[in-house]
Amino acid sequence: MTNVSLVGYTNKLSGRPGDEIDFKISSQSKSPIKAQLFRSINADPNPKGAGVVEENCDEFFPTQTFIGRNQMFFPGSYGKTNHPIALNAKNEIRLVLSVWPTQYCTHNQAFLAVDEIELFMNPDGYAELHFRGHAVTVPKKLILRQWYNIEACIGANSQLSISVKNLKQSLAIPKNTAASNILEENFSLDLNGVVSVGAKISSGSASQFFNGKIENPQIWTDGIISSNWDFSNDISGSFVVGKNCPDMDFFNSPTRGVKGACWDGSEHNWRHKPKHYGAIHFHEDDIYDFGWETDFSFKIPPNMPSGIYVMRISCNDQKDAMPFFICPPLGKPTAKLCVLISTFTYAIYGNHARPDYHAGWQDRIKEWGAYPHNPAEFSEYGLSTYNLHSDGSGICHASHKRPLFNLRPGYITFGDVDCSGLRHFQADSHLIAWLHAKGINYDIITDEELHSDGVTALKDYAAVTTGSHPEYHTSQMLDALTAYRDGGGSFLYLGGNGFYWRIVRHSDDHGLLEIRRAEDGLRAWASEPGEYYNAFDGSYGGLWRRNGRPPQQLVGIGFTAQGTFVGMPYNRICYDPKFDWVFDGVEDHVIGDFGFSGNGAAGFELDRIDPALSAGLNFAEGTKITVLAQSYDKANDFMLVPEEQLTHLTNLSGGPEAQAKRADMVHFTTEGGGQVFSVGSITFCGSLPWNNYDNNISKLLTNILKRFIGPV
Ligand SMILES: [Fe+2]
């Protein structure tokens with residue numbers, strides 16, 4: 001395992017004055033570590049712009065020095081009873097369970113283990129039972145992604161025996177069985193220990209992780225079920241109650257709400273037929289919360305301005321930087337404008353190992369002094385929901401409670417494009433830097449506060465703006481944004497492909513998010529049929545569009561086309577004098593033909609209007625959505641998104657595909673008086689800093705903000 005020499009994370013990504021943020025750090029050096037606080041203004045390392053800009057914040061956090069220690073982390077999900085169990089049998093102990101293996105490994109993969117009993121799949125793919133130095137193996141390879149019932153018996157007839165039955169095969173096909181004599185006479189079957197599934201526990205630590213599903217583990221003593229864990233119970237939880245035996249806790253968040261051995265397609269919602277969803281999918285590389293000890297804490301002082309901050313740590317020649325977000329006290333805004341930071345989207349993308357990463361990117365990284373580590377080189381830290389587990393299944397959980405290499409100032413997402421190549425945190429800093437350059441005061445609210453505090457987090461702001469890519473939302477977040485807008489709040493959606501996927505936050509672990517890449521949409525992987533419902537709350541996962549809440553209902557536009565990291569200009573469409581205020585001081589017909597993201601303000605992922613999907617929006621009387629400017633994919637750099645496709649000739653827009661591949665910059669006013677400005681492009685914010693913040697996109701956004709919040 002390759003470890004980064006100095007790296008850390010925070011227990012939370014955001015807080016308000018009075019809240020405490022814990023910093024958890026691992027250092028391979030015993031030298032002192034220095035910690036310094038900065039305010040983040042610009043996180044783009046591109047030397048063609050301002051470079052990474054941060055302000056010293058010693059007044060809030062005097063530089064500290066502390067001695068570090070190496071902190072370990074332990075990937076691999078499994079279940080373990082919260083107490084040992086005693087197994088006292090006269091004649092036999094029998095283990096029964098169903099398994100669905102997904103990967104052969106060079107190590108044994110434990111199905112179930114207790115005390116001296118180990119039942120596992122060996123590297124040859126055979127089911128094997130070990131007991132006190134004796135072993136028995138069924139020499140018939142388990143086929144991946146097929147259900148097997150496995151019974152292992154110790155003791156009856158002084159034998160170890162094991163039988164394996166492929167549950168897909170007809171009853172006429174016999175079980176594969178094997179047995180071996182136990183040499184000892186009068187051996188005892190008095191055992192005592194914790195029971196584990198999906199891993200073996202020895203000296204308190206887990207190993208021999210299993211990749212695949214396990215269902216309905218049972219332990220029988222002398223013909224009676226003595227222990228049984230029904231995984232179809234409490235599917236949203238992180239443990240199951242044992243039947244007449246200790247409860248079983250799950251570690252490293254294996255996937256629940258997945259199809260079991262008896263799923264027959266008759267039901268797709270696990271809440272309706274939980275018995276069909278009695279399996280749990282374990283992965284050797286599941287890891288979401290490192291659980292590190294805290295090295296120091298920072299209590300947010302009452303006078304600390306809302307903003308984006310970075311705790312920089314250094315030790316010898318090693319360094320790291322942990323961003324976090326400070327919000328104002330609830331209900332006490334300090335600015336008219338609120339910048340909504342997409343921390344849930346950041347976490348969902350956390351440690352995204354891009355398939356196109358290659359070591360050649362390091363040349364630019366060194367030249368620009370950019371953040372050096374890429375998740376693609378450190379997969380053991382846990383990858384993102386845009387990646388796959390080692391067994392090929394999609395990663396559907398995410399958390400910020402571990403080092404996220406791509407959530408660092410100066411991190412480059414794309415290393416060989418003709419622009420800064422930024423996404424998310426770093427791309428959003430183009431907007432932050434612009435606000436500072438223009439002297440526009442702002443408060444920060446993150447997805448966390450939006451989810452937890454609802455519209456209360458926003459209601460006192462004249463305007464709320466997103467960053468470049470607010471893609472992932474819980475139902476609570478959409479409710480809050482809709483209530484804010486309908487209550488008369490003005491909303492700026494300065495991104496593309498926003499409000500796209502439904503996610504759910506775990507009710508016990510607030511850092512843990514779930515995504516099901518169900519049905520369709522532009523997907524990094526596809527959920528299995530029958531596994532479209534979230535385990536965390538039973539809701540139907542996938543696109544908000546498939547849940548009856550398309551982004552057009554909130555911001556007037558929605559995802560239509562995806563391309564490479566190229567940006568195009570917009571053409572002004574609206575010359576209605578009622579909207580001259582938008583273009584005040586903008587003489588050009590072509591706007592945004594420049595930028596640090598794709599060299600154009602309309603790029604990468606584009607949104608457009610769709611009257612069918614925005615139907616039902618309550619506009620102010622006599623008004624509608626006004627298209628201010630548009631950008632068409634004239635070079636055929638973009639593809640129409642799958643959910644818009646019908647046949648090879650037709651799509652849902654009703655017109656030619658080329659007409660649907662465009663960005664619409666729009667404005668509308670709701671019945672409640674709330675105004676919405678949407679740009680329909682991920683690369684829009686990248687144009688703001690161009691030419692030292694003096695350009696027509698910058699001017700246009702200034703005009704919008706003047707209208708929404710007053711003089712700026
Ligand atoms: Fe995205």
Side-chain angles (χ1 to χ4, degrees), residues 340-357 375 383-388 394-398 400 404 406-407 411-414 417 419-431 446-447 466-474 477-478 493-503 513-527 541-546 550-551 554-555 557-567 597-598 602-608 637-644 661 663 678-686:
L340 183 57
I341 301 289
S342 300
T343 46
F344 284 5
T345 297
Y346 294 174
I348 284 282
Y349 271 95
N351 284 349
H352 179 196
R354 289 197 56 82
D356 48 354
Y357 172 80
L383 295 178
S384 77
T385 69
Y386 280 75
N387 297 113
L388 304 176
I395 297 176
C396 67
H397 294 154
H400 64 269
L404 298 180
N406 53 348
L407 184 52
Y411 175 83
I412 300 171
T413 301
F414 290 81
V417 289
C419 65
S420 295
L422 308 184
R423 299 289 301 272
H424 311 295
F425 173 73
Q426 302 80 13
D428 291 345
S429 82
H430 289 139
L431 171 65
T446 77
D447 287 348
T466 71
S468 60
H469 193 30
E471 185 176 6
Y472 291 85
H473 292 78
T474 64
M477 292 158 70
L478 289 190
Y493 164 41
L494 301 186
N497 180 214
F499 313 101
Y500 194 59
W501 291 103
R502 179 182 208 151
I503 53 169
L513 303 172
E514 181 179 26
I515 168 80
R516 297 282 167 139
R517 301 210 181 269
E519 198 167 350
D520 68 358
L522 209 89
R523 298 177 290 180
W525 47 267
S527 285
L543 300 185
W544 273 115
R545 178 174 176 160
R546 298 283 177 240
L554 179 68
V555 291
I557 55 176
F559 196 22
T560 187
Q562 191 198 40
T564 53
F565 208 148
V566 295
S597 290
F604 207 147
E605 294 187 336
L606 311 178
D607 299 355
R608 67 170 170 86
D637 285 325
F638 291 73
M639 63 170 273
L640 195 67
V641 293
E643 64 272 24
E644 284 289 315
K661 294 193 295 183
S678 301
V679 302
S681 158
I682 277 191
T683 62
F684 178 89
C685 291

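Sequence positions, counted from 1, serve as the residue numbers for this chain. Every number for a ligand or one of its atoms is a count from 1 in the order of the listing. Atoms considered below: every heavy atom in the structure, side chains included; atoms not considered: hydrogens, waters and symmetry mates.
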Between L606 and S681 the two heavy atoms that sit nearest each other are CD2-CB, 4.4 Å
Minimal heavy-atom distance between H469 and D428, with the atoms involved, is N-OD1, 4.3 Å
Hydrogens and angles aside, do N351 and S384 bring a side-chain donor and acceptor to less than 3.5 Å of each other? no
Is a donor from one side chain sitting under 3.5 angstrom from an acceptor on the other, for E605 and Y500? no
Protein N/O/S count near the Fe ion (ligand 1) (criterion: distance under 2.8 Å): 3
For R545, the salt bridge (charged side-chain N to carboxylate O under 4.0 Å, His left out) test, sequence neighbours excluded, returns E644
Roughly how far, to the nearest 0.5 Å, is CG of L513 from CD1 of I503? 4.5 Å
